[in-house]
Amino acid sequence: AEQMGVQDCLPKPINASQLYDCIMRALGKQLPKAHWRGQLESTEQYNKINGQGKRILLVEDQATNRQIAMEILQYNGFQVEAVENGQQAVDLVRRDSTAYDAVLMDIQMPDLDGYEATQLIRKIVDKEHLPIIALTAHAIEEERRKCLLSGMNSHITKPIDVNQLLSELCRCLAINCIQESPSELQQTDLPDTLPGINIKQGVQRLLGNASLYCELLSGFAGQQVKLIAEIRQAIDQKKFTKAEKLLHRLSGSAGNLSMPDLSREAKLLKYNISINSVKQDNWEVFENAFQQVIQSINSLHLLHENEL
């Protein structure tokens, strides 16, 4: 297809998310940057609000994503309790439906997903008394409607956009969304970018906490090598549902850590699995993106060691 001048392809059956992504790839260079989901560069400043000690229940199965969200929330004056799955969230709300002021609910989780957890919570407490905000990788209208139909109040997209998250919490919790003297990011000795990693953007997402970002990078390198082996094994054993779930996990963590190439290739491999069209070169491109990130993380460690 590329030799014939075809820029992209969209296999059937088509769903709205795939169509949206294909259009964005084809037209993105001519569109304002705001049209690109999850790829906006942060500004030099980040906002800060007074969360007034409001209690947030964070439901997220990925440790990296939990840490990033908790850092943002606590920095802005919220109290946070984090759990790893939907069932834990339902159990906590069932125990005390007044314990939290809002819930941040990941959508794709094992066992009990965000939709199912929300439906169970809505049997205990209504939207007015406990807002539930979805955390989803999709910004399309179809996804928004599905969130609302399940009983959620609204949704925000991942990777997390700090301003979007804070604005939505202010709206749902009736907090005055006045910024408290946005702070300039502290200067660090980290490079702005390394192959496969936008370090500057990653630190900005963590509100300037460079040490936490480096800690998350180290954890990513240690955890994901094993995950890659699990994905390969799942594909070889034709356990495609498992492979898709593992790729979704990897893509989300990579996106929040500002590893755009790896996040994109993980999504693409997941999609190819879903349409039963996985080829060896799909895997090789994905694995190369992963190895590039690991090499960059290792080089960052060497840089710090040499400076000591």
Side-chain angles (χ1 to χ4, degrees), residues 15-17 51-70 72-74 78-161 164-175 239 241-253 255-256 270 274:
N15 68 39
S17 177
Q52 303 173 8
K54 296 287 187 180
R55 300 157 299 175
I56 309 297
L57 176 59
L58 172 64
V59 191
E60 167 62 66
D61 65 321
Q62 293 308 306
T64 298
N65 297 344
R66 280 199 306 275
Q67 285 183 272
I68 291 173
M70 288 180 67
I72 295 169
L73 294 168
Q74 291 171 345
F78 295 97
Q79 298 181 57
V80 188
E81 182 167 358
V83 295
E84 299 179 10
N85 60 62
Q87 187 60 58
Q88 290 175 332
V90 173
D91 293 343
L92 286 173
V93 174
R94 184 178 288 124
R95 186 183 308 160
D96 183 358
S97 63
T98 65
Y100 308 101
D101 296 297
V103 178
L104 288 176
M105 181 75 74
D106 186 28
I107 294 297
Q108 293 195 35
M109 295 181 289
D111 301 325
L112 192 69
D113 67 24
Y115 299 120
E116 296 167 318
T118 297
Q119 290 166 356
L120 291 173
I121 289 173
R122 286 295 172 239
K123 295 179 180 179
I124 304 168
V125 57
D126 61 27
K127 285 184 175 183
E128 287 68 32
H129 293 91
L130 183 63
I132 299 178
I133 302 171
L135 299 172
T136 172
H138 303 293
I140 58 175
E141 182 64 20
E142 175 188 337
E143 188 82 6
R144 189 188 74 84
R145 284 198 302 268
K146 192 173 180 181
C147 290
L148 296 178
L149 287 173
S150 72
M152 297 177 182
N153 295 64
S154 61
H155 81 298
I156 62 173
T157 56
K158 295 192 292 185
I160 293 173
D161 180 292
Q164 184 190 25
L165 172 61
L166 296 180
S167 296
E168 200 57 43
L169 284 169
C170 286
R171 188 185 69 81
C172 288
L173 297 175
I175 296 173
K239 296 180 179 178
T241 299
K242 178 181 180 181
E244 288 182 55
K245 289 179 179 179
L246 293 174
L247 284 163
H248 173 77
R249 182 193 306 175
L250 176 61
S251 174
S253 295
N256 271 325
K270 176 188 171 186
S274 72

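Side chains are part of it too, since the values below use all heavy atoms of this structure and drop only hydrogens, waters and symmetry mates.
Between Lys127 and Gly151 the shortest heavy-atom distance is CE-O, 3.3 Å. Closest approach of Leu58 and Ala69 over heavy atoms only: CD2-CB, 3.7 Å. In terms of heavy-atom proximity, Cys172 sits nearest to Asn153 at SG-CB, 4.5 Å. Of all non-hydrogen atoms in Val93 and Ile121, the two that sit nearest each other are CG1-CG2, 4.0 Å. The minimum heavy-atom distance linking Gly51 with Ile175 is given by the pair O-CD1, 4.0 Å. Residue Ala134 comes nearest to Met152 through the heavy atom pair CB-SD, 3.2 Å, listed as atom of the first residue, atom of the second, then distance.
Looking at residues two or more places apart in sequence or on another chain, you find no side chain to side chain donor-acceptor pair (under 3.5 Å) involving Thr241. Legend: residues meeting side chain to side chain donor-acceptor pair (under 3.5 Å) with Ser253, ordered by chain and number and at least two apart, are absent.
Without hydrogens or angle criteria, Gln79 side chain to Gly53 main chain gives a donor-acceptor distance under 3.5 Å. With hydrogens and angles disregarded, a donor-acceptor distance shorter than 3.5 Å links the side chain of Asp101 to the backbone of Arg55. Proximity of a side-chain donor or acceptor of Asn256 to a complementary backbone N or O of Ile160 within less than 3.5 Å is detected. No side-chain donor-acceptor contact under 3.5 Å links Glu168 to the backbone of Leu165. The backbone N or O of His248 sits nowhere less than 3.5 Å from a side-chain atom of Ser251 that would complete a donor-acceptor pair.
Taken to the nearest 0.5 Å, the SG atom of Cys147 stands 11.0 Å off from the CD1 atom of Ile133. The structure places NE2 of His155 at 7.5 Å from CZ of Arg144, a figure rounded to the nearest 0.5 Å. Distance check: Leu250 CG to Gln62 CD gives 9.0 Å after rounding to the nearest 0.5 Å. How far CZ of Arg94 is from CD1 of Ile124: 4.5 Å, rounded to the nearest 0.5 Å. Between Leu73 atom CG and Glu81 atom CD the span is 13.0 Å, to the nearest 0.5 Å. Here the CD1 atom belonging to Ile132 is positioned 10.5 Å from the OG atom belonging to Ser154, to the nearest 0.5 angstrom.
A 4.5 Å side-chain heavy-atom check between Ser274 and Glu244 finds at least one atom pair inside the cut-off. No side-chain heavy atom of Val83 sits less than 4.5 Å from a side-chain heavy atom of Asp91. Residues Asn85 and Asp61 form no side-chain contact, since every pair of their non-hydrogen atoms from C-beta on lies 4.5 Å or further apart. A 4.5 Å side-chain heavy-atom check between Ile56 and Leu104 finds at least one atom pair inside the cut-off. Looking only at side-chain heavy atoms (C-beta outward), Leu130 and Leu57 stay at 4.5 Å or farther from each other. You'll find the side chain of Lys158 reaches within 4.5 Å of the side chain of Glu60, heavy atoms only. The shortest side-chain heavy-atom distance between Leu173 and Phe78 falls under the 4.5 Å cut-off.
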**Request:** Give the intermediate values and the outcome of side-chain contact (heavy atoms from CB on, under 4.5 Å) for residues Ile156 and Asp161.
**Result:** CA-CA 8 Å; Ile156 62 173; Asp161 180 292; over 6 Å; no
**Request:** Test side-chain contact (heavy atoms from CB on, under 4.5 Å) on Asn65 and Asp106 and set out the steps.
**Result:** CA-CA 10 Å; Asn65 297 344; Asp106 186 28; over 6 Å; no
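For the side chain to side chain donor-acceptor pair (under 3.5 Å) criterion with Asp126, the lone passing option out of Lys123, His129, Arg122 is His129. Screening Leu149, Ile107, Leu120 for a side chain to side chain contact (heavy atoms under 4.5 Å, CB included) involving Tyr115 leaves a single residue, Ile107.
Heavy atoms from other residues, nucleotides or ligands lying under 6.0 Å from CG of Asp111 number 12 at most.
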